[in-house]
Each structure stands twice: as structure tokens, then as C-alpha cells.
**Student:** 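One structure, as C-alpha cells, below. Some questions next.
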Amino acid sequence: MTRIATLPPRTVDEIITRAGRSDFDRWAEQVTRSGHCSRPVRLRGRVEHRSASGRRVSYSTDGEPDRVLLIRCGNRRAAVCPSCSYEYAGDMWQLLYAGAAGGRKGVPESIRLHPLVFATLTAPGFGPVHTTRTGLGQCRPIRSTPRLCPHGRTTRCTATHSGDDPRLGQPICPDCYDYPAHIAFNWHAPELWRRFTIAVRRILAHQTGLTAVEFGRCCRVSFVKVAEFQRRGVVHFHSLIRLDGPGDDYQPPQISIDATALADAIRQAAAHVRLTVEMPDGSDLVLRFGEQLDTQTVNGGPTGELTPEHAARYIAKYATKSAEHFGLGERRITLEALPLLGVTDHVNRLVHTAWQLGEHPVYLGIRRWIHMIGFRGHFASKSRRYSTTLGAIRGERRAYRQQQAAEHARELLDEDTTLVIAHWEFTGLGYLTTGDTALALSAAARAREQRQAARDAA
Ligand SMILES: [Zn+2]
Ligand SMILES: [Zn+2]
Ligand SMILES: [Zn+2]
């Protein structure tokens, strides 16, 4: 929570000015109704009702504080807007949980009995990086051979890196690191995933002694996945993969495969799937997933390794992260802007490599994605019948809010009305002063604490 004592004097003055205004309550209400968004869209405008008895203005922002209406920004990234990202993660959780546990959002409870596996697919190595994962407490202990790389640098790192050590994910030797292959992986990762899902189907068909067509008639592979950036700047995928029957009504697969067999098929598919891509120097590069692969069966009963609640929460958490913790931000950038961002040497090299690859036809368009280190896929995606959609969940909430808004402004519920015309004009993004922002953010923190307490108690 923002403590007034730690704020600059000017911000404190702005807070006092805001709180002393006669329309403060209405302003605070707008902040609440925008979901305590940290950088709401400011709109100016009016709503006109046209009825048989003539035209009249039924609402105008002229009567609002600062003559604007605040609308939530809707950004999914926690670093941009904690409140909107919290809401997004909540929606994601609903979607994921509905598909894992059923009994909601049009998915029957019997879905719990379908084979379901939580799987994390990583990228392979492109060169040694500083890590906490090699065990023995040390990053790259003495056992590494040879002791010097071709560039004369040591291949060892005996440090024990703490979780916030900026060296984590940085190459031991940047000149040994395969930057083009790294970027190629990010760029082609969506296609590699697609091939992986096809491979899962093929392997399951083979295991059950069916042809691909026969398999498709009795079983469907549904999934939802979220892409996450590892520290070294490469994407990996967290996913829930489920087997269903062929129809659209969430029937069980008409074939006997349990979650353990599904997990086996996922591991085999992830280990075997390959994608050969052309590199600018004319060579072929074979892309594959990394050997670090995690699968856990999910079940509401005693046999699952993970509960549906845990699996849904785990994936939803990643949905609000993005490449912005590499210092690249969320917007498209140019190479000229890169030095101003103060990124690490590693990120700098990644971005430049992506830019250079953009000269080659296979990487056409990659320059628009350098802020995502070459990843152009969706951060969250699902097969058609996994569960409901984010759009449907948002629609439900929007309908609820509109109803609340309508109750609030009874004049808008004019029975006479035949036509409503709205004129809106965008006037800016964010709050007008840092004092307003501080007020909104502290209210947001309080609201989140209350919601979290309610969720935990539920
Ligand atoms: Zn927002
Ligand atoms: Zn190290
Ligand atoms: Zn080297």
C-alpha cells in the first residue's frame, strides 16, 4: 500500500487537492468502477437518446470530475496494470479450471474423469548460461570440460546465484552462444507446438492400434497452453492436454487410454518432434524441444499428481507475464530505440540477431517482433473445445457491469428510447496527476487484498 509519508511533497499536494474537491466521491467511484485500473483510458463525450418525443442528451461527461469518464485499460501484463492483469488472470483461471474440473461454464463435471495432463515443454540449450539448476549449489562447477572455450574464456562459474541475480540466464561466453538458433526457436515455436500436437495424436493412435482416421473418430486431443519466457529469453509452453470424445459436448473418449498413457505419449511426442528450418547462411537448422520436460497427471480423484485447482492456478500465473522483464517493454521497438532501454548485453545481442534474420525471407516480419525476442505467437491459446472462451467470460462480466451501471444511472433506463447515440472522444491515458495515480493504486491494493481474502476463504 502507498504510504503518504514516502511520497514527494508535490504528490501529497495533489492528493490533498483531489480529496478536497466537492466531486471527490464521484471521482473515487469512477476509479472503483474502472476496476482500480492503474492507467485508465480517459473519455470525453455524451450519450443521446432519440425517442418519439425528440432528442435529448441523457448523459454527458461535462458533469463528471475533470469532464472525463475513466475506462479500464484491460492490459494483461502485471507490470503495466496490476488490476487489469489480476482480472485477466482470474478469467484465465476460470477458463482453465472449467476445462479441468468441469461443473461450470458449460463444461460437465464428468470432464474430471477424462485423461488430463499438465505438461511443460522447454527449449533446448543454445549455449551454457548462468543458472541455479545444475545442483551442488554451484552454477557451472569445476567438472565442466574443457576449462577454456575457443574464445579463451573460462567455462566455469562457481558462484551460487540468488534468485534475483542479474547474471542468471546470461551466457557464460556470449561468443559461444548460438544466437541465431535461439531466435529461430522463438520464431518457429508456434509451428513446433502444432507439430507436437499432431505427433501426440499419431502416437496415441499407434498405441491403440488405430489409424489416424479411426483414432479421430473416437478421440480428440483438446488443450490450452500459455507461453512463458525463461530468463535466457526463450519461450517455453505450459499446457493442459486432455482427451475427449469426438463430439462438441465433452463426452469421454471412446477408447481406453488413461492419464498415465497420455503423459507417456506427450513425452514421446515432445522428444521426437522436429522442424527443419532454413538459416540465412543457407544451412538447415533442426529445431526441437529441450530435454527438460515435465508432465504430471491431473485428476480430481486420488490418482492424479496434481489437482485441477493447482494446475489451473499454475498456468494462469504465467498468463500475466511477458518479455517486459527483459527491459524491452510491451510495445514494438526499433533498433535505434534499443540503446535507450538499458537492456543487458545478452538481450541486446538477441534483438540485433532477430533484426539481422529479418533480411531473410523465412523470417519476413520478424522485425515487428523484436520486442518479443522474435516470438510472434499468442501468449495464451487453446483448441476449440477445451472449455469456454475468454470472450465469453468477459461478456458475462460486462453484462453484469452494464446492469450495475444502468441501475446506477436510472435515467438511462428510459422506456421511451428508440435510439441511443454515443459520441466519445479519447482524451488520454492514465491519471491526470501522480497524486491521482497514488490514490488509485492504494485503493487498488486494498481492493485486491479484500478479493484475495475472499478467494482464500471460499
Ligand atoms: Zn488497467
Ligand atoms: Zn554463474
Ligand atoms: Zn566462447
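Since this is a predicted model, take the numbers as computed values, not measurements. Whatever order the structure lists them in is the order used to number ligands and atoms, beginning at 1. Below, each value reflects all heavy atoms present in this structure, side chains not excepted, and no hydrogens, waters or symmetry copies.
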**Student:** In terms of side-chain geometry, is the basic nitrogen of Arg44 or Glu64 positioned less than 4.0 Å from the acidic oxygen of its partner?
**Tutor:**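 Here Arg44 does not pair with Glu64 in a salt bridge, since their nearest N and O are not under 4.0 Å apart.
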**Student:** Name of the His151 N, O or S atom nearest the Zn ion (ligand 3)?
**Tutor:**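 In His151, the N, O or S atom with the shortest distance to the Zn ion (ligand 3) is ND1.
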**Student:** Just to confirm my numbers, could you give the angle made at the Zn ion (ligand 3) by SG of Cys149 and SG of Cys173, rounded to 10°?
**Tutor:** 110°
**Student:** Salt bridge check: are Asp62 and Arg46 linked by an N-O gap of less than 4.0 Å?
**Tutor:** no
**Student:** How many N, O or S atoms of the protein are nearer than 2.8 Å to the Zn ion (ligand 1)?
**Tutor:** 4
**Student:** Can you confirm whether His130 sits close enough to Cys157 that some side-chain heavy atom of one is under 4.5 Å from a side-chain heavy atom of the other?
**Tutor:**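 His130 reaches Cys157 side chain to side chain.
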**Student:** Does any donor atom in the side chain of Thr297 or Glu305 lie under 3.5 Å from an acceptor atom in the other side chain?
**Tutor:** yes
**Student:** Have a look at Thr388 and tell me which of Lys382, Arg104, Gln94, Lys105 forms a side-chain contact (heavy atoms from CB on, under 4.5 Å) with it.
**Tutor:** Lys105
**Student:** When rounded to the nearest 0.5 angstrom, what distance separates CG in Leu335 from CD1 in Ile370?
**Tutor:** 5.0 Å
**Student:** Working to the nearest 0.5 angstrom, can you tell me the gap between Ser34 OG and Leu69 CG?
**Tutor:**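 The OG atom of Ser34 sits 9.5 Å away from the CG atom of Leu69.
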**Student:** So which N/O/S atom does His130 have closest to the Zn ion (ligand 2)?
**Tutor:**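 Of all N, O or S atoms in His130, the Zn ion (ligand 2) lies closest to ND1.
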**Student:** To the nearest 10 degrees, could you say what angle the Zn ion (ligand 2) makes with SG of Cys157 and NE2 of His161?
**Tutor:**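 Cys157 SG and His161 NE2 form an angle of 110° at the Zn ion (ligand 2).
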**Student:** Applying the ring pair (Phe, Tyr, Trp, His ring centres under 6.0 Å) criterion to Trp193, which one of Phe223, Phe185, Phe375 satisfies it?
**Tutor:**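 It is Phe223; the other options fail the test.
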